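Note that the coordinates shown come from a computational prediction; the quantities given were computed from them, not determined experimentally.
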Amino acid sequence: MILGNFSAWNIQNVLIRVIAAVILGGIIGLDRGMKHRGAGTKTITVVCLGATLVMLTEQYIQIYYPGLANMNRMASQVISGVGFIGVGTIIISKHRVRGLTTAATLWASACIGLAVGIGFIEGGILITIMMLLSLHMLPFVERFATRHSHYCNVFIDLEKSQDLHTVIRDLKDAGVVIDSMDMSESRIIGEGVSVHMVLYMKKYSERTEIYDILTKSDKVVSVDFL
């Protein structure tokens, strides 16, 4: 172990594991809290501490009650249980799903707590660093890829399903390829339909042209690009 062996059961190692859980969970939570996400410093730190306690309890049972402990059982319950907490941070609004990253961060923080709780502090530190790098660097990569992508997702609300034929014809006349499409009842119009299309454009600069094509029809009530 690079930082030492923290797997031995003594008060010093227990304190080091708990402090490491507070620091690592706090760092991740502080990063999310500064962005005003659903789960901030307190939530993620408590999740990380709770997972650490589970593994400490497992080791305690294994030492003082040999044969009764199952190191995999309680850990698996933590991983599945935190998933229910993460569901509460996911919000679907206007065709967009928000909170998935926060839910994933909660789950990963619990896993870090499990690692730290059993004494694998190096693994917890490494994953914390990689999580922070991913949360800060990947959005730039994603935005760059999106700006240069030939595909776009668009949601349109129509007064009637029959109006969809006109929209499809206009898009094809403009040289836009409809890669996939699905239709459901509109949440905006009582008898209208909501259509989700994945469009392929020969040039990624054609997005404004697609918007003009869709909005010129008086049958199209709303247009939303992802």
Side-chain angles (χ1 to χ4, degrees), residues 1-66 68-91 96-145:
M1 296 292 183
I2 299 175
L3 300 179
N5 183 11
F6 300 101
S7 61
W9 183 262
N10 55 58
I11 187 63
Q12 179 182 353
N13 282 345
V14 170
L15 285 175
I16 290 175
R17 296 183 208 179
V18 172
I19 292 172
V22 172
I23 293 174
L24 298 179
I27 290 173
I28 297 172
L30 185 62
D31 176 73
R32 305 305 291 166
M34 288 189 299
K35 297 178 181 179
H36 304 286
R37 304 305 185 191
T41 308
K42 293 184 291 184
T43 303
I44 293 180
T45 302
V46 168
V47 168
C48 194
L49 273 173
T52 300
L53 177 61
V54 168
M55 295 308 288
L56 288 173
T57 304
E58 285 276 17
Q59 189 174 9
Y60 178 88
I61 296 173
Q62 192 175 53
I63 293 172
Y64 292 101
Y65 303 94
L68 296 180
N70 185 341
M71 298 299 287
N72 296 323
R73 185 182 64 209
M74 290 183 69
S76 63
Q77 293 300 318
V78 170
I79 293 174
S80 60
V82 171
F84 287 100
I85 300 176
V87 169
T89 66
I90 300 174
I91 301 172
R96 288 176 169 83
V97 180
R98 304 180 186 276
L100 283 176
T101 302
T102 299
T105 303
L106 278 170
W107 182 84
S109 299
C111 295
I112 290 172
L114 293 174
V116 172
I118 202 62
F120 187 31
I121 294 180
E122 291 91 340
I125 293 174
L126 178 61
I127 295 303
T128 299
I129 293 172
M130 295 307 296
M131 277 181 60
L132 292 175
L133 287 174
S134 299
L135 290 171
H136 284 272
M137 299 300 295
L138 290 181
F140 294 101
V141 177
E142 189 177 43
R143 283 196 290 269
F144 176 83

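By the 4.5 Å heavy-atom criterion applied to side chains, L114 and T52 are not counted as neighbours. Here the side chains of V78 and M55 are not in contact, with every heavy-atom distance at 4.5 Å or above.
Distance check: I28 CD1 to C48 SG gives 6.5 Å after rounding to the nearest 0.5 Å. A distance of 12.5 Å separates CG in L132 from CE in M137, rounded to the nearest 0.5 Å. The structure places CG of L30 at 13.0 Å from NZ of K42, a figure rounded to the nearest 0.5 Å. With rounding to the nearest 0.5 Å, the separation of OG in S7 from CD1 in I118 is 8.0 Å. Atom CD1 of I44 and atom CG of L49 lie 12.5 Å apart (nearest 0.5 Å). Taking CD1 from I129 and CD1 from I27, the interatomic distance works out to 8.5 Å, rounded to the nearest 0.5 Å.
The two residues A110 and A51 come nearest to each other via the heavy atoms O-CB, 3.1 Å.
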**Message:** Before you tell me yes or no, could you show the steps for M131 and D31 under side chain to side chain contact (heavy atoms under 4.5 Å, CB included), namely the whole-Å CA-CA distance, both residues' side-chain angles and the distance that decides it to 0.1 Å?
**Reply:** CA-CA 10 Å; M131 277 181 60; D31 176 73; over 6 Å; no
**Request:** Carefully, step by step, assess I121 and I125 under the rule side chain to side chain contact (heavy atoms under 4.5 Å, CB included).
**Result:** CA-CA 6 Å; I121 294 180; I125 293 174; 3.8 Å; yes
**Request:** Walk me through it: do W9 and L56 pass the test side chain to side chain contact (heavy atoms under 4.5 Å, CB included)?
**Result:** CA-CA 9 Å; W9 183 262; L56 288 173; 4.1 Å; yes
**Request:** List the steps, then state whether side chain to side chain contact (heavy atoms under 4.5 Å, CB included) holds for V116 with F6.
**Result:** CA-CA 9 Å; V116 172; F6 300 101; over 6 Å; no
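The one candidate from I63, T57, I61 that meets the side-chain contact (heavy atoms from CB on, under 4.5 Å) condition with Q59 is I63.
Centroid-to-centroid, the aromatic rings of F140 and F144 stay 6.0 Å apart or farther.
When only modelled atom types and interatomic distance are considered, R17 and Q12 share no side-chain donor-acceptor pair under 3.5 Å.
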